[in-house]
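Every chain is numbered from 1, with letters handed out A, B, ... down the list of sequences. Predicted model, so just to flag it, every value in this text is computed and none were measured.
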There are 2 protein chains.
Amino acid sequence: MGLTVPFKQVDVFTEVPFKGNPIAVINFLDIDESEVTQEQLQAIAIWTNLSETSFLFKPSDEKYDYKLRIFTSLSELPFAGHPTIGSCKAFLEFTQNTTATSLVQECRAGAIPLTVNEGLISFKAALFDFEGISDEVITGYEQSLGLKFIVAPALLRTGPNWVVALVEDAETCFNANPNFTMLTEQTKQNKHCGVILAGVKKNASIKNSYEMRAFSPLDKVDEDPVCGSGSVALARYLQELYKFEETTKITISQGGRLGRDGHIVASIIKETDGSTSYHVAGHAITVVNGKITL
Amino acid sequence: MGLTVPFKQVDVFTEVPFKGNPIAVINFLDIDESEVTQEQLQAIAIWTNLSETSFLFKPSDEKYDYKLRIFTSLSELPFAGHPTIGSCKAFLEFTQNTTATSLVQECRAGAIPLTVNEGLISFKAALFDFEGISDEVITGYEQSLGLKFIVAPALLRTGPNWVVALVEDAETCFNANPNFTMLTEQTKQNKHCGVILAGVKKNASIKNSYEMRAFSPLDKVDEDPVCGSGSVALARYLQELYKFEETTKITISQGGRLGRDGHIVASIIKETDGSTSYHVAGHAITVVNGKITL
């Protein structure tokens with residue numbers, strides 16, 4: 001107690017303050033991880049009241065640049081997207097590193113490779129398991145979201161367990177007004193963290209351009225403004241649906257209904273070994289910069 | 001845009017970090033109020049994701065020490081309790097004032113006199129209108145809270161419009177598990193901001209010691225951890241009920257169910273002119289200290 005360490009609140013998936021998704025990042029790089037308890041980290045994450053709060057620690061091995069622990073107000077997560085991009089931005093600023101182009105984040109989900117290119121921070125997803133869901137569950141979600149899906153949704157385990165569902169177009173997605181009481185009950189019963197809803201922008205100049213929304217009422221936040229792990233889930237789902245044979249970029253807009261203007265680039269990359277990997281990129285900007293006293 | 005000003009996130013009604021109610025305080029004392037728009041202030045308050053965010057401005061007249069504007073994620077408030085105490089703490093630190101014992105805050109509700117005594121910050125409530133409510137509305141709240149009130153609740157306009165209700169004892173209050181879906185619907189219909197529930201600590205060493213909870217599900221925060229305007233409402237309600245003829249202190253504990261440990265002292269003061277005034281006091285501690293970039 002009484003420990004004072006550097007603190008930043010970073011806005012992610014935007015270059016304009018207050019238009020993205022905030023993450024509180026606490027710099028514990030100069031202390032030993034044993035100096036703070038799980039309960040302290042959880043108490044801080046409850047107090048910041050943000051969807052996630054993340055903590056930078058020294059890595060367990062020199063192959064990593066730093067270790068990241070990510071907490072919601074309820075629990076610690078193995079991985080989360082916007083905290084990863086925001087925390088990388090904070091790490092670079094905390095360590096005054098202006099030249100790094102690749103880093104590796106240690107977290108519960110494993111090693112997360114990151115690249116930095118002209119301010120755009122990109123992570124390679126470690127988790128993207130795809131699983132079908134039953135017709136009954138799908139019908140339930142159609143009812144709580146008040147609309148029809150154009151193909152069968154699936155469950156994507158990308159850290160959180162997201163159900164991904166497509167609707168006819170971007171406008172339908174933007175205008176959706178879920179019944180959050182029903183949705184809370186359903187996601188609880190199904191053990192899903194929430195629903196990623198997306199619709200293609202039919203007249204967009206960029207092909208594969210989507211409007212996306214992330215509903216996760218169980219986690220005390222009805223709608224996540226701009227969601228990294230959700231965009232991994234969407235990219236993986238689209239790959240299953242369209243079987244892209246070449247590296248493909250998906251540009252995603254999110255947050256408009258919440259007064260935000262988030263921009264995500266999700267890439268489906270065909271590796272030279274024939275495998276497919278999923279990457280999510282976005283800008284981040286430090287809005288609050290200072291110190292926190294425990 | 002690009003403006004960078006001092007920022008603090010202060011924990012209120014506690015001396016221990018993360019145990020109170022946080023308020024983000026932005027220091028606009030060195031700019032003209034016309035340099036920021038209502039929309040900007042609202043966007044910042046949405047982004048911090050706290051129950052309230054407050055903005056310090058130069059006062060309109062020298063009889064005030066500063067002007068405070070208080071925003072929830074939905075709108076600007078005429079007054080709020082914990083933001084007032086936290087913002088006074090921040091003001092004293094921002095201006096490096098270690099000697100003030102009395103200040104006057106300018107806000108939409110009018111002039112709010114504040115005193116500072118050994119770190120304890122106290123404000124005099126400007127708003128404390130008392131109004132009865134119908135049996136039908138009372139029965140509705142009993143159903144949504146799942147318990148019986150020991151006397152008829154009342155509506156207290158203390159900035160927010162709180163319904164104050166007493167239950168048998170502190171334990172009953174602590175253990176209440178409201179049906180937030182019902183409560184949201186009722187408070188919306190009745191145009192109440194929420195319900196202040198309180199129960200007396202029967203075995204407390206201090207007389208007039210209460211456990212209190214503040215349910216305000218309409219405002220996106222199901223339960224406010226430690227609530228200043230709610231404690232004004234409780235004190236005014238108790239005065240109506242018990243007709244205290246002498247200055248009386250009410251000590252209030254709040255936040256235990258949310259992992260907090262808030263302490264409020266609400267005073268019913270008999271003024272020399274025969275009138276009764278209501279005062280709320282608490283400690284506050286700066287947890288995050290730095291700058292914010294707009």
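- No more than 12 heavy atoms of other residues, nucleotides or ligands lie within 6.0 Å of CD in A/Glu136, so this atom counts as exposed by the packing criterion.
- A pairwise comparison of heavy atoms in A/Phe18 and B/Leu294 identifies CE1-CA, 3.8 Å as the closest pair.
- Heavy-atom pairs under 4.5 Å with chain A were tallied for B/Thr286, B/Asn21, B/Thr48; the largest tally goes to B/Thr48.
- One N or O on the side chain of B/Asn49 and one on the backbone of A/Asn49 form a donor-acceptor pair closer than 3.5 Å.
- For chain B, the option among A/Pro22, A/Gly290, A/Ala43 with the highest count of heavy-atom pairs below 4.5 Å is A/Pro22.
- Atom CG of A/Asn97 is surrounded by more than 12 heavy atoms from other residues, nucleotides or ligands within 6.0 Å.
- More than 12 heavy-atom neighbours from other residues, nucleotides or ligands sit within 6.0 angstrom of NZ on B/Lys58.
- A/Thr184 does not touch chain B: none of its heavy atoms, backbone or side chain, sits under 4.5 Å away.
- Using a 4.5 Å cut-off between heavy atoms, A/Gln9 touches chain B through backbone and side chain atoms alike.
- Listed here is the closest heavy atom pair of A/Trp47 and B/Leu50: O-CD2, 4.0 Å.
- Within 6.0 Å of CG on B/Asn179 lie more than 12 heavy atoms contributed by other residues, nucleotides or ligands.
- With sequence neighbours left out, B/Gln143 forms a side chain to side chain contact (heavy atoms under 4.5 Å, CB included) with B/Thr139, B/Met182.
- When the side chain to side chain donor-acceptor pair (under 3.5 Å) test is applied to B/Thr158, no partner is found at least two apart in sequence or on another chain.
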